Amino acid sequence: MVRDSSEMGQLIAEELVEVIEANNLKKIPTRAIIPCGPKCWYEPFTKLVNARGVSLRQLFVFHMDECLDWQARPLPTKHPYNFRSFMERYFYGGILPELAVPEEQRFWLLPSTADKVKIALEATPIDITVGGWGQDGHVAYNQARRHPYSAISLEELAASTIRIQENNFDTILALSQRSFGGAYQFVPPMSITLGLQECLSARKVRVYSDTGSWKQTALRVALFAEPTPEYPMTLLQRHADALITATEETARHPISENPDWDLL
């Protein structure tokens, strides 16, 4: 647990840089699955890399998901949920050119690139997955599947791979509240994501959240419930080296703070 977004951003940056530096010393590549969010770590990461002269020339980046429109097409470049646009500006944009990740080592996930990304992911083990989690405990866009006619088991969820999907209604409403003042019609209705099989294949998995009440219940379920497909991040319990980090606000919960409530 960390105090706030600032402390969390520094921690994320340092943990990723540590992995890269260790592999650079061994003269071996680093392969990382990277999210578009939490957003607090991009500036600290850029500063650390540039200040220390950390070469990213042997870093292979697999972007874990991307938002799509209702026809499964990429969003406009300036749409706030166009993850590629954001990452090009804030993750890659400030790195000194001589240290930067080569273009051919940036694996962008889209319907048109899914096969290429899958082959590249399977070629060599992943060193680290960095991510956040959603209101239903989704890691990447591995949401709880609530389709009334095709429920999935926990094992099917664990074995999930790259796919295009409709976004859940609760994901759309949560994002609309977070970003658009409740204007749900502007939230992307579809997404493409790495599956949990791919995300959890990494030697290390590190997930973080600094978004407070939006994530509080999912955190409690991840820590204290048995693995369940209703909260995909509970599968982190099965990983040999997984760590969840939350801000103090995200680690709170209104039910625990109001023991006099009668909810049953």
Side-chain angles (χ1 to χ4, degrees), residues 1-65 83 86-87 90-96 99-101 105-107 121 124-134 137-140 142 194 196 198-212 215 218-219 222-223 232-251:
M1 190 161 60
V2 295
R3 184 178 61 254
D4 54 23
S5 292
S6 178
E7 188 175 327
M8 175 171 284
Q10 190 65 35
L11 176 66
I12 300 171
E14 289 174 355
E15 290 191 332
L16 181 55
V17 166
E18 181 181 307
V19 172
I20 297 167
E21 286 185 320
N23 283 347
N24 284 352
L25 283 173
K26 298 174 187 175
K27 300 187 185 304
I28 59 175
T30 299
R31 291 161 57 84
I33 294 174
I34 298 293
C36 183
K39 297 178 179 178
C40 56
W41 67 282
Y42 300 112
E43 184 177 352
F45 179 77
T46 298
K47 288 180 177 178
L48 272 177
V49 168
N50 290 343
R52 293 186 190 177
V54 179
S55 175
L56 307 183
R57 305 300 291 175
Q58 287 297 307
L59 176 61
F60 291 74
V61 177
F62 296 88
H63 294 276
M64 61 169 41
D65 49 16
F83 292 164
F86 183 93
M87 296 298 281
Y90 293 102
F91 179 68
Y92 296 111
I95 302 297
L96 295 173
L99 303 175
V101 179
Q105 292 168 204
R106 306 175 188 185
F107 291 86
L121 273 169
T124 311
I126 301 297
D127 294 285
I128 186 169
T129 293
V130 180
W133 69 86
H138 61 257
V139 177
N142 290 284
L194 300 184
L196 281 172
E198 289 134 346
C199 291
L200 301 186
S201 71
R203 296 186 179 98
K204 295 182 178 183
V205 178
R206 300 290 184 264
V207 297
Y208 311 83
S209 182
D210 60 354
T211 39
K215 309 293 183 65
L219 174 61
L223 295 175
M233 70 183 292
T234 54
L235 283 167
L236 292 171
Q237 296 175 22
R238 296 183 174 184
H239 196 279
D241 188 358
L243 184 64
I244 298 170
T245 301
T247 57
E248 291 178 0
E249 181 187 6
T250 305

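Side chains are part of it too, since the values below use all heavy atoms of this structure and drop only hydrogens, waters and symmetry mates. Worth saying up front: this structure is predicted, and the values here are computed from it rather than measured.
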Practice task
I would like to know whether V54 and L99 meet side-chain contact (heavy atoms from CB on, under 4.5 Å); could you show each step before the answer?
Solution key: CA-CA 7 Å; V54 179; L99 303 175; 5.9 Å; no
Fill in the blank from the handout: Between the CD atom in E198 and the CE atom in M64, the distance rounded to the nearest 0.5 Å is 11.0 Å
Fill in the blank from the handout: d(Q58 CD, I28 CD1) to nearest 0.5 Å is 10.0 Å
Problem - Under 3.5 Å: donor-acceptor pair, side chain of H239, backbone of A202 - result: yes
Completion exercise
To the nearest 0.5 Å, atom OG of S55 lies from atom CD1 of I95 at 10.5 Å
Problem - Approximate separation, where rounding is to 0.5 Å, of L223 CG and I244 CD1 - result: 5.0 Å
Practice task
Measure the acute angle between the ring planes of F107 and F62, then classify it against the limits of 30° and 60° as parallel, tilted or perpendicular.
Solution key: parallel
Practice task
Taking R206 for its side chain and D241 for its backbone only, find out whether a donor-acceptor pair lies under 3.5 Å.
Solution key: yes
Handout entry: Main-chain N/O of G94 paired to N50 side chain as donor or acceptor, under 3.5 Å
Key = yes
Handout entry: Side-chain touch F83/D65, heavy atoms, less than 4.5 angstrom
Key = yes
Handout entry: Student check: side-chain heavy atoms of M1 and T250 closer than 4.5 Å
Key = no
Problem - Nearest heavy atoms of P125 and R203, plus distance in Å - result: CB-NH2, 3.7 Å
Practice task
Could you tell me which non-hydrogen atom of A218 sits nearest to which non-hydrogen atom of G134, and how far apart they are?
Solution key: CB-O, 3.7 Å
Problem - For F86, all residues meeting ring-ring contact (aromatic ring centres under 6.0 Å, His included), sequence neighbours excluded - result: Y42, Y90
Handout entry: Heavy-atom closest contact (S209 atom, M8 atom, distance)
Key = O-CE, 3.1 Å
Practice task
Go through R3 and D210 one step at a time and tell me if the salt bridge (charged side-chain N to carboxylate O under 4.0 Å, His left out) criterion holds.
Solution key: CA-CA 9 Å; R3 184 178 61 254; D210 60 354; over 6 Å; no
Problem - Nearest heavy-atom neighbours spanning F91 and T46 - result: O-OG1, 4.4 Å
Exercise for the section: For G131 and P35, work out which heavy atoms get closest and say how close. Expected result: CA-CG, 3.7 Å
Problem - Heavy-atom closest contact (N23 atom, P29 atom, distance) - result: ND2-O, 3.5 Å
Exercise for the section: Please assess L236 against W133 for the test side-chain contact (heavy atoms from CB on, under 4.5 Å), listing each intermediate value before the final yes or no. Expected result: CA-CA 11 Å; L236 292 171; W133 69 86; over 6 Å; no
Practice task
Report yes if the side chains of P232 and V139 come closer than 4.5 Å at any heavy-atom pair, otherwise no.
Solution key: no
If you look only at distance, which donor and acceptor atoms sit under 3.5 Å apart when one is on a side chain in residues 10-19 and the other is two or more places apart or in another chain?
from, atom 1, to, atom 2, distance (Å)
Q10, NE2, E14, OE2, 3.1
E15, OE1, Y208, OH, 2.3

Problem - Heavy atoms from other residues, nucleotides or ligands near CD of E43 exceed 12 (cutoff 6.0 Å) - result: no
Completion exercise
Separation between CZ (R31) and OG1 (T129), nearest 0.5 Å, reads 11.0 Å
Completion exercise
When D127, L200, I126, V205 are each screened for side chain to side chain contact (heavy atoms under 4.5 Å, CB included) with I33, the one that passes is I126
Problem - Working for side-chain contact (heavy atoms from CB on, under 4.5 Å), residues I20 and L56 - result: CA-CA 8 Å; I20 297 167; L56 307 183; 3.9 Å; yes
Handout entry: Q105 (side chain) donor-acceptor with L59 (main chain) under 3.5 angstrom
Key = yes
Handout entry: Sidechain-backbone polar pair: T247 side chain, D4 backbone, donor-acceptor under 3.5 Å
Key = no
Problem - From CE (M233) to CG (L196), nearest 0.5 Å - result: 11.0 Å
